[in-house]
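Contents: one structure, followed by commentary.
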Number of protein chains: 2
Amino acid sequence: MAFTNHNGPRPDTAQCYSKLNAAGDALYVIGGKWRLRIIIALSDGKRRFNEIQRAISGISARVLSNELKELEINGFVTRKVYTDFPVSIEYELTPYSDTLSPVIESLIEWGEMHRQRIMQGEPATAALEETL
Amino acid sequence: MAFTNHNGPRPDTAQCYSKLNAAGDALYVIGGKWRLRIIIALSDGKRRFNEIQRAISGISARVLSNELKELEINGFVTRKVYTDFPVSIEYELTPYSDTLSPVIESLIEWGEMHRQRIMQGEPATAALEETL
DNA sequence: CGGGATCCCATTTGATACTG
DNA sequence: CAGTATCAAATGGGATCCCG
């Protein structure tokens with residue numbers, strides 16, 4: 001009964017807090033510049049370290065290495081070592097990563113829309129300079 | 001005709017790249033720890049600076065100030081000064097922010113699901129310690 | 001209340017070189 | 001190829017003080 005609306009800030013405040021927490025939890029594990037992009041890069045199948053690095057422009061080997069470890073710890077990615085000759089190592093998404101599909105798809109869709117908007121000169125954003 | 005699949009890495013590589021770029025564009029403007037959370041905090045109406053700060057646990061005044069400016073520049077938020085006495089300042093989402101709904105909702109939903117999973121002890125994640 | 005300015009530390013990152 | 005080691009540089013972010 002913590003939140004009765006006797007006249008406090010707003011009745012929906014509690015709901016908003018729970019949303020903020022949920023978003024915080026999500027961002028904790030998949031936030032940051034690279035995480036989602038790595039998952040996207042792996043989304044059409046196994047890939048090797050250098051393949052991933054080439055796919056994601058701007059990421060360094062060190063950062064990629066660290067992020068892959070984190071993603072593995074959190075159950076999004078598995079690392080497999082194939083001992084056939086020559087030895088190769090491949091990263092692959094786990095089924096748990098699939099639960100991110102709605103997030104990733106909506107993000108990509110929004111990104112495409114946003115790019116269109118920027119290219120039509122809507123706001124004064126120097127944003128996409130580098131990408132263009 | 002850049003990508004004919006004469007035998008390259010994979011035929012869907014080009015598509016994957018465009019997804020990665022779209023995601024990159026999106027993350028460029030709404031990435032980071034705070035952006036989306038601020039938008040969520042404003043999603044049920046105008047709010048004042050200190051209200052927002054209280055809603056988002058862990059954010060400092062300086063960071064909030066900077067993020068709000070960025071969000072304003074990029075067209076997600078408007079800052080309104082009410083000159084009635086006493087003067088008050090309120091932040092409000094623009095209609096453009098509404099286009100983020102699918103992203104935000106899927107993120108929140110995933111976050112809730114993820115939390116459940118963590119609390120059942122699935123992976124060895126020390127992740128949510130602080131939130132709990 | 002709504003911030004801006006400053007200081008200062010900690011973490012992140014980039015670049016480069018190196019290794020099994 | 002798949003990373004690791006190391007150092008320098010950039011960035012982030014807290015603390016504090018201040019102002020209108």
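Just so it is clear: chains get the letters A, B, ... in the order the sequence lines come, proteins before strands, and each one is counted from 1.
Rounded to an integer number of Å, the gap from CD1 of B:Ile59 to C1' of C:dG2 is 14 Å. For the pair B:Glu51 CD and C:dC1 P, the computed distance is 10 Å after rounding to whole Å. Atoms CD (A:Glu67) and P (D:dT4) sit 13 Å apart, rounded to a whole Å. As a whole-Å value, the separation of A:Leu64 CG from D:dG3 C1' is 10 Å. Atom CD in B:Gln53 sits roughly 10 Å away from atom P in C:dC1 (whole-Å rounding). Look at CD1 on A:Ile38: it is 14 Å from C1' on D:dG3, rounded to the nearest Å. In this structure, CZ of A:Arg47 is placed 16 Å from C1' of D:dC1, rounded to the nearest angstrom. Atom CH2 in A:Trp34 sits roughly 15 Å away from atom P in C:dT12 (whole-Å rounding).
With hydrogens and angles ignored, the 3.5 Å screen pairs no side-chain donor or acceptor of A:Ser65 with any backbone N or O of A:Ala61. Judged by distance alone, with hydrogens and angles left aside, the side-chain atoms of A:Ser88 form no donor-acceptor pair with the main-chain N or O of A:Tyr82 at under 3.5 Å. Counting only distance, with no hydrogens or angles, the side chain of A:Arg35 and the backbone of A:Val29 share a donor-acceptor pair below 3.5 Å.
Taking 4.5 Å as the limit, every side-chain heavy atom of A:Thr94 sits out of range of all side-chain heavy atoms of A:Val77. Counting heavy atoms from C-beta outward, B:Leu71 and B:Tyr91 have side chains that stay 4.5 Å or more apart.
Residue A:Gly32 is out of contact with every strand shown, counting any heavy-atom pair closer than 4.0 Å.
A salt bridge links A:Glu92 to A:Lys46: at least one charged side-chain nitrogen sits closer than 4.0 Å to a carboxylate oxygen.
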Just the atom pairs and distances: protein N or O near nucleotides 17-20 of chain D's N or O, under 3.5 Å.
none

Interface polar pairs with nucleotides 3-6 of chain C, N/O, under 3.5 angstrom:
| unit_1 | atom_1 | unit_2 | atom_2 | d |
| --- | --- | --- | --- | --- |
| C:dG3 | OP1 | B:Arg79 | NH1 | 2.1 |
| C:dG3 | OP1 | B:Tyr91 | OH | 3.0 |
| C:dG3 | OP2 | B:Tyr91 | OH | 2.4 |
| C:dG4 | OP1 | B:Lys69 | NZ | 3.2 |
| C:dG4 | OP2 | B:Ser65 | OG | 2.3 |
| C:dG4 | OP2 | B:Lys69 | NZ | 3.2 |

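Of all heavy-atom pairs between B:Asp25 and A:His114, the closest is O-CD2, 4.4 Å.
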